[in-house]
Amino acid sequence: MRAGLEPAVTGAVVASVTVFDERSLRRHDGPSEDFIDRLTGATLEGAVRRGKFLWLPLADTDVVGSRGTGVTQSLAGLPHPSVRLPHPSVHLPHPSVHLPHPSAHEAVVLHLGMSGQVLLRDRRTDDALTRIRLELDHPVLGPLRLNFVDQRIFGSMSIDALVPSGDDRAAGLGSDSRLIPAQVAHIARDPLDPAFDDRHFLARLAGKNTTIKRAMLDQTLVSGIGNIYADEALWAARIHYDQPTTTLSRPRAKALLVEVRAVLSRALGEGGTSFDAQYVNVNGASGYFSHSLNAYGRQGAACPRCGRPIVRDQFMNRGAHYCPYCQRVR
DNA sequence: AGCGAGCCCTGCGCGC
DNA sequence: TGCGCGCAGGGCTCGC
């Protein structure tokens with residue numbers, strides 16, 4: 001989603017905002033009028049991600065001299081290979097957009113929850129269950145529509161202050177900025193982040209008095225891993241979901257981290273995991289990773305490694321899928 | 001600290 | 001065919 005949004009939102013001006021359901025602003029500190037007022041007319045500077053949170057920094061508008069100075073962001077190479085934007089006929093050789101100085105102090109923050117989608121459309125296209133809509137004017141691509149769709153409304157949009165992330169590394173993927181939305185500051189880096197610190201993670205993991213899957217799903221320890229990718233990485237590393245972290249050896253923990261990265265990389269390469277039309281990219285296309293699952297959702301089916309049946313346990317009010325033969329507590 | 005329960009929601013598939 | 005139930009990719013708060 002980040003990769004798909006980046007070329008469409010960078011340099012775009014928010015022409016109008018429509019909130020169809022205020023419940024999607026649960027994490028916005030203020031009424032919908034506030035969200036609309038602050039966003040309307042704003043220029044989006046890019047698309048940045050940490051774990052499952054995405055944010056679009058807003059160019060400062062009330063800082064004298066901040067607009068139109070300095071940075072030129074190249075949009076050459078548009079569109080992203082996996083992205084088909086609504087206006088493919090717009091073709092400019094090596095287009096570029098002059099952006100304000102990247103000193104944004106606010107951002108639009110998005111989380112998809114369980115059932116959220118962000119769909120890039122032309123100005124005529126509606127999507128069922130659209131909760132919030134942004135009409136964008138992009139300097140190269142022209143008029144666009146961003147539909148935030150969410151069946152269960154566990155996801156959200158909000159405007160949040162950008163605060164220092166605490167170290168001198170980029171706060172997320174997609175920007176060099178060290179600023180992070182306040183509501184995302186407690187979220188750990190994800191294992192694909194170049195600034196992810198393996199040693200720091202392994203030390204914190206070893207110091208926890210819990211079990212491994214619970215730790216993997218703890219977004220303040222490591223982010224970006226949900227129920228599917230936890231089960232898949234544990235299967236690949238042959239580790240039982242209820243293995244105590246205190247007895248998980250460092251070599252096995254390191255091997256698990258390797259498998260987490262492999263699973264996340266492959267899933268991103270295949271566009272994510274789609275069981276239905278719920279999980280789609282910005283064009284509404286489904287990912288293919290569901291065809292690559294070895295454990296998740298495969299209870300009763302043969303383990304691809306040993307042929308014995310995969311089992312599903314109730315765990316943390318969710319399912320834990322594993323092979324009782326390959327994955328044992330030890 | 002860690003953990004379980006509960007909550008925020010809708011829609012789908014299944015069994016009866 | 002129709003209904004009720006269980007289930008679903010997440011994250012947060014609360015009380016123990």
Side-chain angles (χ1 to χ4, degrees), chain A residues 1-2 20-29 49-55 109-118 127-132 148-158 160 181-188 190 203-235 241-248 260 263-264 266-268 270-281 286-300 312-321:
Chain A
M1 178 176 82
R2 195 208 69 77
F20 298 101
D21 196 321
E22 295 201 13
R23 293 174 298 177
S24 290
L25 292 175
R26 184 174 304 123
R27 305 205 65 193
H28 179 73
D29 185 19
R49 175 181 76 76
R50 177 184 284 208
K52 304 169 189 174
F53 283 86
L54 177 100
W55 63 92
V109 181
L110 294 96
H111 196 293
L112 300 182
M114 299 267 243
S115 56
Q117 308 172 5
V118 172
D127 290 292
L129 300 173
T130 296
R131 309 299 187 185
I132 296 172
F148 179 76
V149 172
D150 192 5
Q151 176 200 115
R152 294 176 71 186
I153 320 186
F154 285 0
S156 65
M157 290 182 75
S158 60
D160 202 2
Q183 66 180 268
V184 189
H186 68 294
I187 299 293
D190 73 72
R204 280 190 68 196
L205 182 68
K208 277 199 166 294
N209 182 26
T210 187
T211 52
I212 187 60
K213 183 173 175 181
R214 194 178 288 279
M216 292 172 80
L217 296 175
D218 178 356
Q219 306 293 304
T220 68
L221 176 67
V222 53
S223 70
I225 306 172
N227 206 33
I228 297 177
Y229 302 137
D231 283 357
E232 290 302 303
L234 286 167
W235 179 88
Y241 69 89
D242 226 9
Q243 171 80 39
T245 48
T246 48
T247 56
L248 182 69
V260 165
V263 166
L264 292 178
R266 281 192 290 127
L268 284 179
E270 295 178 39
T273 306
S274 303
F275 302 120
D276 50 37
Q278 208 70 254
Y279 276 64
V280 296
N281 68 9
S286 292
Y288 287 94
F289 195 68
S290 61
H291 304 287
S292 307
L293 297 175
N294 291 307
Y296 185 87
R298 297 193 68 250
Q299 58 271 26
R312 179 186 192 275
D313 281 0
Q314 190 74 18
F315 179 73
M316 288 177 77
N317 279 328
R318 295 190 168 79
H321 311 75

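Numbers restart at 1 for each chain; the letters A, B, ... are given by sequence-line order, proteins then strands.
- A stacked arrangement is not assigned to A:Phe154 and the six-membered base ring of C:dG11, the conditions of a centre distance below 5.5 Å and an interplanar angle below 30° not being jointly met.
- Applying the 4.0 Å criterion to OP1 and OP2 of C:dG9, one finds that A:Arg152 has every side-chain N and O outside that range.
- Under the 3.5 Å distance criterion, the side-chain polar atoms of A:Arg50 are left unmatched by any main-chain donor or acceptor of A:Gly224.
- Side-chain atoms of A:His28 and A:Val109, non-hydrogen and from C-beta on, never get closer than 4.5 Å to each other.
- The side chain of A:His186 contributes an N or O atom lying less than 4.0 Å from OP1 or OP2 of C:dC12.
- Remark: the separation of the P atoms in B:dG11 and C:dG11 is 22 Å, to the nearest Å.
- What separates CE of A:Met114 from P of C:dG11 is a distance of 9 Å, to the nearest Å.
- Spacing between B:dC3 and C:dG9 at atom C1', rounded to whole Å, works out to 22 Å.
- For CG of A:Asp313, the number of neighbouring non-hydrogen atoms (other residues, nucleotides, ligands) closer than 6.0 Å is greater than 12.
- Nucleotide C:dG9 holds its C1' atom 8 Å from the NZ atom of A:Lys52, rounded to whole Å.
- Among the heavy atoms of the strands lying under 4.0 Å from A:Arg26 are primed sugar atoms or P, OP1, OP2 only; no base atom is included.
- For A:Asp160 (side chain) and A:Pro181 (main-chain N/O), no donor-acceptor pair under 3.5 Å exists by modelled atom type.
- Between the CE atom of A:Met316 and the P atom of C:dG9 there is a distance of 11 Å, rounded to whole Å.
- Distances shorter than 4.0 Å separate some side-chain N or O of A:Tyr296 from OP1 or OP2 on C:dG9.
- A:Ile153 places its CD1 atom 17 Å from the P atom of B:dC7, with the value rounded to the nearest Å.
- Taking every heavy atom of both residues into account, A:Arg266 and A:Ser292 meet most closely at NH1-CB, 4.2 Å.
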Might you list the N or O atoms of the protein lying below 3.5 Å from N or O atoms in nucleotides 1-3 of chain B, with each pair's distance?
{"unit_1": "B:dG2", "atom_1": "OP1", "unit_2": "A:Asn209", "atom_2": "N", "d": "3.1"}
{"unit_1": "B:dG2", "atom_1": "OP2", "unit_2": "A:Lys208", "atom_2": "NZ", "d": "3.1"}
{"unit_1": "B:dC3", "atom_1": "OP1", "unit_2": "A:Thr210", "atom_2": "OG1", "d": "2.9"}
{"unit_1": "B:dC3", "atom_1": "OP2", "unit_2": "A:Thr210", "atom_2": "OG1", "d": "2.7"}

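- Not one side-chain nitrogen or oxygen of A:His111 sits closer than 4.0 Å to the OP1 or OP2 atom of C:dG10.
- When the C1' atom of C:dG10 is taken as reference, atom CZ of A:Arg49 falls 16 Å away, rounded to whole Å.
- Exactly one of A:Ile132, A:Thr130, A:Val118 qualifies for a side chain to side chain contact (heavy atoms under 4.5 Å, CB included) with A:Val149. That residue is A:Thr130.
- Rounded to a whole Å, the CD atom of A:Gln151 is 11 Å from the P atom of B:dG13.
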